[in-house]
Number of protein chains: 2
Amino acid sequence: MSEKELRRSLSVLPIGTVMKLTDLTARQIRYYEEQGLVLPKRNEGNRRMYSLNDIDRILEIKDFLGEGLNIAAIQAVFAKREAKRKQEQESLAKSISDDEARELLHKEFLNLGGLADNNNPFNNPM
Amino acid sequence: MSEKELRRSLSVLPIGTVMKLTDLTARQIRYYEEQGLVLPKRNEGNRRMYSLNDIDRILEIKDFLGEGLNIAAIQAVFAKREAKRKQEQESLAKSISDDEARELLHKEFLNLGGLADNNNPFNNPM
DNA sequence: GCGTTTATGTTACTTTTTATAACATAAGTT
DNA sequence: AACTTATGTTATAAAAAGTAACATAAACGC
């Protein structure tokens, strides 16, 4: 992990700071966690400690909610993203050629932003 | 102020976090503040809130102490640095030519690391 | 329309964290 | 030997944060 990534993933912020940085209430932030959307670490005294990455995620949740998505939809967005991340990881692990990788990334780019619609039985992307 | 500078100057970390990041006790951190070496902000409830810049400063204090400097010496180091900063600021304000600025920086470079020795009456650098 | 779900507010109570202040002390200095 | 310095320790108060339960407006589903 790079120095920057490490710093961004350090759990150093208490919920009070997160409230200010995101303009959300503690209730909201804890609810998003309850729904599995953020996973802050805990310190020895059981207080939630957030990283900069957590902040980004919470701000994204706030944006999505503001755009009318509900929690389930946001969970789907994150799940999809994670699957993609994992797949890219695997590709890298298998040391595919640069050309193959470029093609893969292109496909992913075309599909970017696609949201799963679990109420539509016809929406079953590959 | 650049985006980066702004983020580094945001007071978002409680003293508990600072303790972990610096491996110092709360007592030590507060003492350095008492001696004017760090100036954390306070939140509405009077709790100290530290920025990344504060952390850097505290780690520097720790290093200096580890190298045998005492608080007064460290105060002198910081004061000198601050004076230098202010002077550079003024030079910039007066819009001196690039050549003059280069020369100034060179002089400062030559003088870098010079510690005031307040017990030596002959040490009175300009 | 009406019952249900969703996201959030509110309240009560407990634990943890932090603040301040005073006293204690080992090591270094004079 | 007395003094200073940096830090430890202890006591006490206040703030922040945790959990849990009940409340509710707005959206949703039928």
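The chains referred to below are lettered A, B, ... by the order of the sequence lines, with proteins before strands, and numbering in each begins at 1. Note: hydrogens, waters and symmetry copies are ignored here, and every other heavy atom, side chains too, is used.
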Nucleotide N/O to protein N/O under 3.5 Å, stretch nucleotides 4-7 of chain D:
{"residue": "D:dA6", "atom": "OP1", "partner": "B:I71", "partner atom": "N", "Å": "2.7"}
{"residue": "D:dA6", "atom": "OP2", "partner": "B:Y31", "partner atom": "OH", "Å": "3.0"}
{"residue": "D:dT7", "atom": "OP1", "partner": "B:Q28", "partner atom": "NE2", "Å": "3.2"}
{"residue": "D:dT7", "atom": "OP1", "partner": "B:Y32", "partner atom": "OH", "Å": "3.2"}
{"residue": "D:dT7", "atom": "OP2", "partner": "B:Y32", "partner atom": "OH", "Å": "2.9"}
{"residue": "D:dT7", "atom": "O4", "partner": "B:R27", "partner atom": "NH2", "Å": "2.8"}

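- To the nearest 0.5 Å, atoms CZ (A:R42) and CZ (A:R48) are separated by 4.0 Å.
- Checked against C:dT18, D:dG18, C:dT20, the side chain of B:I15 finds its nearest nucleotide in C:dT18.
- One interatomic measurement links the two molecules: CD1 of A:I29 to C1' of D:dA16, which rounds to 13 Å at whole-angstrom precision.
- Sorted by first and then second residue, the salt bridge (charged side-chain N to carboxylate O under 4.0 Å, His left out) pairs with a member in residues 7-23 of chain A read A:R8-A:D56, A:K20-B:E44; sequence neighbours excluded.
- What separates CE of B:M49 from C1' of C:dA19 is a distance of 14 Å, to the nearest Å.
- Across every non-hydrogen atom of A:M49 and A:P40, the tightest pair is O-CB, 3.7 Å.
- Contact between the side-chain N/O atoms of B:N43 and the OP1/OP2 oxygens of D:dA16 is found at a separation under 4.0 Å.
- Nucleic acid contact for B:R30: base, since at least one base atom lies under 4.0 Å from a heavy atom of the residue.
- Using a distance-only test at 3.5 Å, with no hydrogens or angles considered, a donor-acceptor pair links the side chain of B:E5 to the main chain of B:S2.
- In terms of heavy-atom proximity, B:V12 sits nearest to A:P14 at O-CD, 3.8 Å.
- Both tests do not hold together for B:R57 against B:Y32: distance to the six-membered ring centre under 6.0 Å, angle to the ring axis within 45°.
- Counting distance only, with no hydrogens placed and no angle test, the side-chain atoms of A:R47 and the base atoms of C:dT15 include a donor-acceptor pair under 3.5 Å.
- Rounded to an integer number of Å, the gap from CD of A:E33 to P of D:dA17 is 14 Å.
- When the C1' atoms of four end pairs are superposed on the next four at each end of the helix from C:dG1-D:dC30 to C:dT30-D:dA1, using five pairs per end, the two resulting axes differ in direction by 30°, to 10°.
- What separates CG of A:L13 from P of D:dA17 is a distance of 11 Å, to the nearest Å.
- Taking atom CE of residue A:M19 and atom C1' of nucleotide D:dA16, one finds them 10 Å apart after rounding to whole Å.
- Following rounding to the nearest Å, A:E44 (CD) and D:dA16 (P) show an atom-to-atom distance of 20 Å.
- Computed from coordinates, the A:F64 CZ to C:dA7 C1' distance equals 17 Å when rounded to whole Å.
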Salt bridge (charged side-chain N to carboxylate O under 4.0 Å, His left out) evaluation trace for B:R85 with B:E88: CA-CA 5 Å; B:R85 207 197 52 71; B:E88 277 164 23; over 6 Å; no
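- Between A:T17 and B:N43 the shortest side-chain heavy-atom distance does not fall below 4.5 Å.
- Shown are B:I71, B:I61, B:L24, B:L37; of these, the side chain to side chain contact (heavy atoms under 4.5 Å, CB included) with B:Y31 is made only by B:I71.
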